[in-house]
Protein chains: 2
Amino acid sequence: MSLRFAILGSLSSCPSSGYDLTRQFGLGLGWFWSASHSQIYPELKRLEDSKLIDGSFTTVGEKLEKRVYSITPAGVEALITWVTDHPQYRPNRDPERLQLIFSDLASVDDIRRHLEAHQRHYVDRRDLVRPIRDAIANGEHDRVQKRLNGKSPREQAMTLLLREFAYGGDIERAELEIAWAQRALRALDEYERRYAGND
Amino acid sequence: MSLRFAILGSLSSCPSSGYDLTRQFGLGLGWFWSASHSQIYPELKRLEDSKLIDGSFTTVGEKLEKRVYSITPAGVEALITWVTDHPQYRPNRDPERLQLIFSDLASVDDIRRHLEAHQRHYVDRRDLVRPIRDAIANGEHDRVQKRLNGKSPREQAMTLLLREFAYGGDIERAELEIAWAQRALRALDEYERRYAGND
DNA sequence: TTCTAACATGTTCATATCGACATGATGTTC
DNA sequence: GAACATCATGTCGATATGAACATGTTAGAA
């Protein structure tokens, strides 16, 4: 149910086409909600039917049609209602650690590979998010800059503060997972030393 | 797709009924994968059709039928294949921080409430997971004890080590989120001081 | 004996999600 | 002029998930 609000939120920065949004979901926004174009286009239709967004046609070159959507006042209202809502925490889904708790059926090497993959995953993630956070802080992020347009310095500071919290939290999470995996790997080493030769 | 393996994994500790599994998903296992009985019963049927588990009937009292499932050798094999697989990281879904980045449309008080709810959520979570982790470490967790049965001391140590990693990681994550929310709340205070009276 | 909590197992429907299928235009490079 | 990456918009079908609907038993307490 968050997809519609992810779209509304993105459109509250600036009007965009389905294609623009798809790319957004593949970049910055994607760290908090990801979606493919096959979800986005039908959702845009539904949002238009609900009068929360407004579509207009443009043409690129000779024939290529582009549909650019803008958020309506009703859309802004719906978005504000949603952000103001008590956050809904979804059911836990942690397939990696689920694998891990049943990995006593696998070999120590398999477990080691699992933890190394976990570490790599979060290193990659951290290294991809950091530049985005930095670009936002340095005023080099296009869509965030558009969001700042027309806002007072006070409001601009809040927009930037919230982004800093959100991306910062994501980076901290990645760093936690990296440190966790490293500690687990060291514990595995110790386990192997303790039981070396026995059994 | 992890549901079938969550069930297989749970059955690899000891045979259980759908009802037992439902409770398991509501307790320990639920921290890594949660599911309702309406997902579990049909999945058990599918697993039985695939010969990965074996169902037998028991009667409780006079009439009440109970279907107890055990994992088959083919099921153990399928489970091992899965735990040995490279972990699959799912698309990001972080509705809370998604709300947060668009909360520049809301009031500072709304943001404060959001962060306080976030903190409470993870305090509750931490306080619920810790006793489970401790019970496992102290040998007071029934299903984990059953899993240890018939294992060598070396194997038992690995089972317990993996649980410690998994639950420990979850607790650390909760503590990170609590600290993050507290820092964000302090940053909000500072924001309000800085802009007091202006605007 | 009656009531209640817990035991026990299902189905059904709406929605979410993802990968694959499907099509075509535009701009750049070789 | 051909090839290719990117722009651009859609649909379809399989599966996942969750809430609600549906039914009945058993054990213990009041």
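The basis for the numbers below is simple: all heavy atoms, side chains too, and nothing from hydrogens, waters or symmetry mates. A note on names: the letters A, B, ... follow the listed sequences, proteins ahead of strands, and every chain is numbered from 1.
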Atom-pair distance ([atom1] on [X]; [atom2] on [N]), nearest Å:
X	N	atom1	atom2	answer
Y41(B)	dC7(C)	OH	P	11 Å
D20(B)	dT9(C)	CG	C1'	12 Å
R67(B)	dG10(C)	CZ	C1'	9 Å
E48(A)	dT9(D)	CD	P	12 Å
L3(B)	dA16(C)	CG	P	20 Å
R90(A)	dT15(C)	CZ	P	16 Å
L44(B)	dG10(C)	CG	P	8 Å
M1(B)	dA16(C)	CE	P	23 Å

Any carboxylate oxygen within less than 4.0 angstrom of a Lys/Arg side-chain nitrogen, looking at [X] and [Y]?
X	Y	value
R194(B)	E190(B)	yes
R125(B)	E175(B)	no
R97(B)	E177(B)	yes

Would you mind telling me which residue lines up with the more 5' stretch of DNA chain D, L64(B) or K66(A), judged by nearest nucleotide? K66(A)
So, is [X] close to the [N] phosphate, meaning a side-chain N or O under 4.0 Å from OP1 or OP2?
X	N	value
R23(A)	dT6(D)	no
Y19(A)	dC7(D)	yes
K45(A)	dG10(D)	yes

Shared hydrophobic cluster for L160(B) and F165(B) (ILVMFWY, side-chain gaps under 4.5 Å): no
Quick one: do Y122(B) and L98(B) end up in the same hydrophobic cluster if we chain Ile, Leu, Val, Met, Phe, Trp and Tyr together by side-chain heavy atoms under 4.5 Å apart? no
Under 3.5 Å, which N/O atoms of the protein pair with N/O atoms of nucleotides 18-22 of chain C?
{"unit_1": "dC18(C)", "atom_1": "OP2", "unit_2": "Q39(A)", "atom_2": "OE1", "d": "2.8"}
{"unit_1": "dC18(C)", "atom_1": "OP2", "unit_2": "R93(B)", "atom_2": "NH2", "d": "3.3"}
{"unit_1": "dG19(C)", "atom_1": "O6", "unit_2": "S38(A)", "atom_2": "OG", "d": "3.0"}

Does the Q99(A) side chain pair with the main chain of H114(A), one donor and one acceptor, at a distance under 3.5 Å? no
Judged by each residue's nearest nucleotide on DNA chain C, which is more toward the 5′ side, V60(B) or V60(A)? V60(B)
Between F32(A) and Y167(A), is the ring centroid distance below 6.0 Å? yes
Base, sugar-phosphate, or nothing for T22(B), non-hydrogen atoms under 4.0 angstrom? nothing
